[in-house]
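Below is one structure, written out as structure tokens; the observations come after it.
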Amino acid sequence: MTHHPNHGLTRSLNRIVETPAALEALVDAAIGPLGLHRFGHDHDHDGDEPASDVEADVLAAVRERAGEVHETLAHDHGVHCVEFAGSTGGGKTLLLERLIERAPDDERIGAIVGDVAGEDDATRLRQLGVRVENVNTGKECHLDPMLVSEAIESFELEELDTLYLENVGNMVCPADFPLGATCRVLVVSTTEGDDVVRKHPMLVQTADLVAINKVDLAEAVGTDVDRIRSDVETVAPGTPAFETDAKNDVGVDALADALEDGREHDHGEGDHHHDDRDETDHHHHESESAHRH
Amino acid sequence: MHELSVAMGIVERALGVAEDHGAERIERLTVELGSATHVNPDQLRFCIETATDGTPAAGATVEIERVAPLARCTCGWEGDPGTLEAAMVYAPDVRCPECGDRTELVRGRECRLAAVEFPDEASPTEGPRPG
Ligand SMILES: Nc1nc2c(ncn2[C@@H]2O[C@H](COP(=O)(O)OP(=O)(O)O)[C@@H](O)[C@H]2O)c(=O)[nH]1
Ligand SMILES: [Mg+2]
Ligand SMILES: [Zn+2]
Ligand SMILES: [Zn+2]
Ligand SMILES: [Zn+2]
């Protein structure tokens, strides 16, 4: 970092000091009486290490929290956690229902739903015999890993094989808020138009997998599914896309298989941990492209 | 959309620093905000100003500095990812210009309290002052 919040001071010093290093030293010497605290610099008043990103960075702290959720679910308890994100009405809940219908009878499934509309989604899933936690905040525009970690406390994780998360219907916010799922499925539907991916590129970049849903309606609404598919590849290279019609249960097998493949969750390195912030970040970025280490 | 919760995280951190320094007032906050986030800088400033009301940071100057993304590829390439031309809103282009693989953003997703400045008279003391 080379900027100095006290621009006036920096400017006046600039006139007499040539090298940036010397300037830095002078400014550091001068800021004592001004009362300045800069994060990530060695003059941390504790004399300790510079403040970590998580200490100073609100979004890095969110990502770290998501890493902790992942650690608890996937690594401590072997729970396969899959998140569904996407617009309201895109088909997140129906796709979830289709997947649950396919699950073997002995698969123990839980779900955390954040749909702000009400109890509807929870009720639909409970009818399939799934343990459901409704984290209906009513005002949040997205789930965050803090909400998820509170919600998972009400599950017996030892007795769970799969946990589904249904995010709040929103194509923007979840991009900044990973939840700690091993796989984020972004559901886009043909009724949102064939520019849906180009309109929300940063959310697409956080998806591990895209489900292009309501393909049965594509022709009627004049949406080019191939265009959506090629946009996914442009915006988030290497992200697999599946075409589904959840209403008629078409294309869901391929999606289900891809999600099952992610269950054998392995980081490939015996000594891999997520406890360090760079690893957490790295991990979640990797997880954006098929979660491979 | 979620600037308020992010702002509260920033203010909380700033107030913690002020307390550590025994400062009664914060004069200026500097936030580094990555471009590859959905946090809007103007709304963030507004939310920070709102969230500081009635705290030692009330009335502080809020400075928001945009941080351009930096991408890194496993092939060894590192640099400015540039803007995704095909998209209708800003997004970094995460395809490696060298090998075509997907790159990783190593910068540009932060919302980080970078500096807290106190008034001249409130030089750091040993502990928090009463009041
Ligand atoms: N035609 C058609 N309708 C669908 C499809 N998927 C979901 N729907 C319908 O779209 C509506 C919204 O679906 P829902 O799963 O509640 O969306 P959510 O808000 O994303 O959870 C419901 O009436 C579904 O029956 C699909 O593939 N094709
Ligand atoms: Mg739903
Ligand atoms: Zn939000
Ligand atoms: Zn893992
Ligand atoms: Zn490369």
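All chains are named by letter (A, B, ...) in the order of the sequence lines, taking the proteins before the strands, and each is independently numbered beginning at 1. Heavy-atom basis, side chains included; hydrogens, waters and symmetry copies ignored. Treat the numbers as computed from the prediction; the structure is a model and nothing was measured.
No side-chain heavy atom of A/His200 sits under 4.5 Å from any side-chain heavy atom of B/Met88. Here the side chains of B/Arg112 and A/Val58 are not in contact, with every heavy-atom distance at 4.5 Å or above. A/Pro237 places none of its side-chain heavy atoms less than 4.5 Å from the side chain of B/Asp101. Under the 4.5 Å side-chain criterion, counting only non-hydrogen atoms from C-beta, B/Arg28 is not in contact with A/Leu36.
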Practice problem: Evaluate the criterion side-chain contact (heavy atoms from CB on, under 4.5 Å) for residue pair A/Asp57 and B/Arg13; output intermediate values, then yes/no. | Solution: CA-CA 9 Å; A/Asp57 185 336; B/Arg13 284 163 171 77; over 6 Å; no
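Heavy atoms closer than 4.5 Å to chain A are found in both the backbone and the side chain of B/Ile10. Proximity to chain A (any heavy atom under 4.5 Å) is shown, for B/Ala18, by neither the backbone nor the side chain. With a 4.5 angstrom heavy-atom cutoff, B/Val39 touches chain A via backbone and side-chain atoms both. For A/Asp231, no part lies near chain B; criterion is any non-hydrogen pair under 4.5 Å.
Of the listed residues (B/Leu84, B/Val6, B/Val116), the greatest number of heavy-atom pairs within a distance under 4.5 Å of chain A belongs to B/Val116. When each of A/Asp176, A/Val62, A/Thr234, A/Leu59 is checked for heavy-atom pairs under 4.5 Å with chain B, A/Asp176 comes out on top.
Rounding to the nearest 0.5 angstrom, the gap separating the CD atom in A/Glu55 from the CG atom in B/Leu113 is 10.5 Å. The line from CG of B/Leu105 to CD of A/Gln205 is 7.0 Å long, rounded to the nearest 0.5 Å. For the atom pair SG (A/Cys173) and CD (B/Glu3), the distance works out to 8.0 Å, reported to the nearest 0.5 Å.
Between B/Thr37 and A/Met202 the shortest heavy-atom distance is O-CE, 3.5 Å.
Aromatic ring centroids of B/His2 and A/Phe177 lie under 6.0 Å apart.
At a threshold of 4.0 Å, the pair A/Glu233-B/Arg95 counts as salt-bridged, since one of the basic side-chain nitrogens sits closer than that to a carboxylate oxygen.
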